[in-house]
Amino acid sequence: MEKKIEQLLGQERRICITGHVHPDGDCVGSCLGLRSYLLTLDPALTVDVFLEPSPASFSILAGFEKIRMYQEEDGDYDLCFVLDAGERGRLGANASCLEHAGRIICIDHHRTQRAFVEEQIVRPEASATCELLFDMMDEEKISLETAECLYLGIAHDTGVFRHSNVTRHTMEAAGALIGKGVRHSKIVNDTFFAKSYLQNQLLGRALVESIVFCEGQCIVSMVSLKTMDFYRAAHEDLEGIVDQLRLTRGVEVAIFISETEFQVYKVSLRSNEKVDVSRVAEYFGGGGHLRAAGCTMTGTFYDVVNNLSEQIAPQLGM
Ligand SMILES: [Mn+2]
């Protein structure tokens, strides 16, 4: 049994919540879900959520409009929750709120952990931080608003219940949340499957330009800074491309590379059955999960692919 949120709390009145850079569904869902739950426990609490700007489709969740970046003027907090991030470096500019917190609790499900706080609740077997948070909440006290946040997070981190991280417990948690009346169909359609015209154009381009290697077991595609500028695209417009690459028949590892600065790349890795991509990502200073991980790499596109290939091939028995 997971320790309950109520048991973690002392006399704290001013609480802040933060999560990783480039917030995804699980990050936003867990931060807003915990905020909503804490306010249900005690509406007089101050609960602020500090995150980088996140996809506008998440505005379906209660409290989305209150999300902002931490500023020095925000002052001190009694308690800070760090969600869905296993290391300080993943917090970006919002890491500065840790210096202003009396106590810090990290709740996460990433395999890669570089301990940075004393109180850590880490469950790599949980499909999503939202699933772990569900276990830490008293089901009776989960409001519809809280439930929608948690459902969105679980749906996103499981690729809408398709990935290998889904367990019986994941479905039981999702079932309980549906029992609360969440708009499950609207949540997955509007926030996961729907794509803008621009997103579809970038996806199409990435698919056309993809290359297979390691005898067809790996697929890679890249979007350069030049392309990003041409389309005036943002980082979030590339969401989901790596998952489409992964669906290529015969492919074990999918790699999607986006250039963030000249010859600096954000690398996303996915695998199907054999390769532990968190090990590959960790080798290059990143991290993540067994079948989904990421890291930052530098050099030319060919350097990056060669270096990745050297780390992946042995795991494919090559
Ligand atoms: Mn997550």
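Indexing begins at 1, ligand by ligand and atom by atom, following the structure's order. Keep in mind that this is a model prediction, so the values were computed, not measured. Hydrogens, waters and symmetry mates are skipped; everything else that's a heavy atom, side chains included, is used.
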ask   = Taking the inter-plane angle between the rings of F161 and Y151 on a 0 to 90° scale, is it parallel (under 30°), tilted (30 to 60°) or perpendicular (over 60°)?
value = tilted
**OP:** Using the six-membered ring wherever Trp is involved, compare the ring planes of F50 and Y70 and label them parallel, tilted or perpendicular (cut-offs 30° and 60°).
**Re:** perpendicular
Can you tell me the N, O or S atom of [X] that's nearest the Mn ion (ligand 1)?
X: D157; value: OD2
X: D26; value: OD2
X: D84; value: OD1

Notebook entry, point to check: Near the Mn ion (ligand 1), is there an N/O/S atom from H109 that is less than 2.8 Å away?
Noted result: yes
Report yes or no: does D108 have an N/O/S atom closer than 2.8 Å to the Mn ion (ligand 1)? no
Between F58 and H156, does the ring centroid distance fall short of 6.0 Å?
yes
Contacts of E2 meeting side chain to side chain donor-acceptor pair (under 3.5 Å) (sequence neighbours excluded), chain-then-number -> R123
Sorted by chain and number, sequence neighbours left out, salt bridge (charged side-chain N to carboxylate O under 4.0 Å, His left out) with E12 holds for R103
